[in-house]
Amino acid sequence: MATKRKLDSAPPVEEEPVDPSDELMFLALGGGNEVGRSCHIIQYRGKTVMLDAGIHPAYDGLAALPFYDEFDLSTVDVLLITHFHMDHAASLPYVLAKTNFKGRVYMTHPTKAIYKWLMQDSVRVQNTHSTSESMTPLVTEQDITSTLPLIQTIAFHATQTYSSIRITPYPAGHVLGAAMYLISIAGLNILFTGDYSRESDRHLIPASVPKGVKVDVLITESTFGVASHIPRLERETALMKSVTGILNRGGRVLMPVFAIGRAQELLLILEDYWTRHEEYQKYPIYYASNLAKKCMVVYQTYIDAMNDNIRSAFQKRLAEAADGSGTSGGPWDFRFIRSLKSLERFEDVGGCVMLASPGMMQNGVSRALLERWAPDSKNGVVVTGYSVEGTMAKLILTEPETIQATMTARLSGVKGMSRNSDEKVMVPRRCTVQEFSFAAHVDGTENREFVEEVGAPVVILVHGEKTNMMRFKSKLLSLNAQKAVPVKVFSPANCEELRIPFRRDKVAKVVGQLANKIQPPTVLPSPPPSGDENGADEKKPKLTSEEDQIVSGVLVQNDFKLSLMAPEDLKEYAGLTTTTIMCRQRLTLAAAGPELIRWALEGTFGAIKVLSEATDGVKKDDEEMEDADEEVAQPTDTGFEVMGAVRVMMHDQGETVVEWEGNVHNDSIADAVLAVLLSVESSPAAVKQSSKQHSHSHAHDKPKRNPHAHLSPEERLARLCMFLESHFGADAITPINTPRLPATYDDDDTAGKEKATATELARLHGLGIPVPGLEVRIDKLVATIWLETLDVECSVRSFKDRVAAVVERGTEVVRPLWE
């Protein structure tokens, strides 16, 4: 079990503390200082992306998995699978079916098509060749089938956005469908290469740097370290010389390969050589894989994801099919290569070339054939792919004298087997072993050139044995001497948490009503001269600059974009609504009067605001009262406002109501006010204060008049205007000073119009109406209200009806103005 620890990163240049939200967190759950079980976690600004979910080919069971128990997978937003190889995708069914993962999974279309067949075949092989009867498989075929609908596909160069994370895949040149991912989170661009190749081969598009994108962090493989590949032509020549040499001495050639990927490239090389050399066409070439036929259909489908060589061959076949000639087959229609589903159908007689999976020879057909052919010195093993430490492919390169047999070999009785002291069945190894690297990984030179071309200030190395990775890291660091800004290079091991600060200015855009209130910055004048003619400096007032303005509002973050707005604009600009909660508490204080309560509140909170004065309904001497005024008792409420937040209203019969707008600040004040009120009657100080008051508490002042009695026309007009303003807005109502003219006057009768206007104004003033009418203006809609008759004039019928309805309700409230 690995222990998670924090990897110290280079300290930032500034000494100020770094905001945790500005740090990029990288954690390798697999593939850190090793090749196999690739799985990486990146976190930034609250978003989490998981890269690949593979297994280690050298281990079995849970030991082959990445260290998933070191991270909470339920927090992952997006999981990206680069390609279908087992060390990058084989634990995906386990993640989807056996963990608390809740995010989305993306891979390219060819990757998903091959992934299904590859995973199902892998489960069958593990169940068949398991060395322990008690071992429970990590996943079943049912797990694979049930999780397939959870995988979403994405096309090359197409950007997908999920949870504010932008994802764009680019061809990686490793295998069909392999992708590099450009990930953008809050403006931070991260490029993850996965396994990639820049070599031009026979069927794949080589990887290239995304154009027009500034990459901030590059996460790249370092499989071959600083080693360089032999030129492609030389490798193909040496490979075919080795293969034909084994056939010429009467032996059989075993080429362990991955079922899909490099196998297709080797098939194209062998087919081309056999086509050009008739003398070797008598030797059959077998492609031993249960997936051969199924996956070749995928290769024939996704021609557009391959290079011009395959596309040209495909177009040629289509043209021949159209004219009826049909002389050539398609790019994946082989003449000299046969598909072999199982060894039971294989007649092991004479020389042949056998491409068998899996490439690491841990089990399956390649392992069975190795144990069968190893004792014969005429036979040969040709390793063409990368070999992981701990696997049989890596062991066989050391040319051991014996190899351990699997259960299948023991049952079949391979000739020459022996048992050692530990009861292990050993098979002698006399066959030749050669290695020709056709692994689709960049070498040290190609990787370094790619890193320099990307130009990212931060580089993280993954997917490489520790020795190779350290050599490549040293090479990159040695290049910093030629650069003005050195590149930071990290090579974290598994479960080492890496945190890299990316300090960025946070800018908020002011929108809505707040934007209208901001004064544009004024241009500062030229500096005044040092002094006037009298030698005194000229003093001019400083103009207000943008920095002097203080704007307050609600800060809203949407998709990592900050906006500052007024609460009233939340619905329009942010799709949010505001709610105000009014809190009310009722108390009964029979013995506490307004003066005692006021004295207690002032003693605790200082000065308080009096909201109303108590009245007993007695009329003033200079007012006449209507009959209704004598029947309706006037209110005797008294109120206080504490700290501008809490209102204390006292009603008749000792009832006290405490009201406030609910929030953290006001709630604390309200709690203190309630505590004062509950203790006001029993407090000794309150008793002493109340003893100083008069024996009676009623007021002797004359009562104020009823504000609703005997309204003047001016008051009624003011209330009607208030009613209209509440419906249409304060700026929409404008008085009209010119009365409406009779229709009997012609347009050129100016004297008649003036006389009529003066007469009309005199009559209106006689009725007590201050102005002839009101104008209601909403944008381009204008309506006129004539107060004498309450007629409404407007060219738009709908707006006229609306204003007329409001006027009708308003006149019912304020009573007619023309009585």
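No hydrogens, no waters, no symmetry mates; every other heavy atom, side chains included, goes into these values.
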Hey, could you give me the [atom1]/[atom2] distance between [X] and [Y], rounded to the nearest 0.5 Å?
X: E602; Y: I608; atom1: CD; atom2: CD1; result: 5.0 Å
X: Y44; Y: I185; atom1: OH; atom2: CD1; result: 9.0 Å
X: Y162; Y: K47; atom1: OH; atom2: NZ; result: 9.0 Å
X: I190; Y: F26; atom1: CD1; atom2: CZ; result: 10.0 Å
X: E496; Y: E70; atom1: CD; atom2: CD; result: 12.0 Å
X: F101; Y: T75; atom1: CZ; atom2: OG1; result: 10.0 Å

Spell out, as yes or no, whether a donor-acceptor pair under 3.5 Å connects the side chain of [X] to the backbone of [Y].
X: T604; Y: L601; value: no
X: D569; Y: E572; value: no
X: D216; Y: N189; value: yes
X: D77; Y: T48; value: yes

Answer whether the closest heavy-atom distance between the side chains of [X] and [Y] falls below 4.5 Å.
X: L724; Y: V807; answer: yes
X: Q43; Y: L27; answer: no
X: V95; Y: V105; answer: no
X: W599; Y: V680; answer: no
X: I669; Y: W660; answer: no
X: I42; Y: I219; answer: yes
X: V551; Y: K517; answer: no
X: C721; Y: L774; answer: yes

Applying side-chain contact (heavy atoms from CB on, under 4.5 Å) between I733 and each of E725, M722, R777, report the one that passes.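 One option only clears the test, and that one is E725.
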Before you tell me yes or no, could you show the steps for V556 and Y573 under side chain to side chain contact (heavy atoms under 4.5 Å, CB included), namely the whole-Å CA-CA distance, both residues' side-chain angles and the distance that decides it to 0.1 Å? CA-CA 9 Å; V556 179; Y573 291 94; over 6 Å; no
Flag yes if more than 12 heavy atoms outside [X] fall under 6.0 Å of its [atom1] atom; otherwise flag no.
X: M643; atom1: CE; result: no
X: R802; atom1: CZ; result: no
X: D671; atom1: CG; result: yes

If every non-hydrogen atom of [X] is compared with every non-hydrogen atom of [Y], which pair is closest and at what distance?
X: L589; Y: T656; value: CD1-OG1, 3.9 Å
X: L674; Y: Q585; value: CD2-CG, 3.7 Å
X: L555; Y: L564; value: N-CD1, 4.0 Å
X: R499; Y: E23; value: CD-OE1, 3.5 Å
X: N666; Y: A645; value: OD1-CB, 3.3 Å
X: G773; Y: L787; value: CA-CG, 3.9 Å

Please determine whether salt bridge (Lys or Arg N to Asp or Glu O under 4.0 Å) holds for the pair R45 and D22, giving the CA-CA distance in whole Å, both sets of side-chain angles, and the decisive distance to 0.1 Å. CA-CA 7 Å; R45 294 290 182 90; D22 290 335; 3.1 Å; yes
Walk me through whether L80 and I183 qualify under side chain to side chain contact (heavy atoms under 4.5 Å, CB included). CA-CA 10 Å; L80 305 176; I183 307 158; 3.8 Å; yes
Residue pair E661, M582: steps toward the side chain to side chain contact (heavy atoms under 4.5 Å, CB included) verdict: CA-CA 5 Å; E661 183 178 316; M582 295 301 299; 4.0 Å; yes
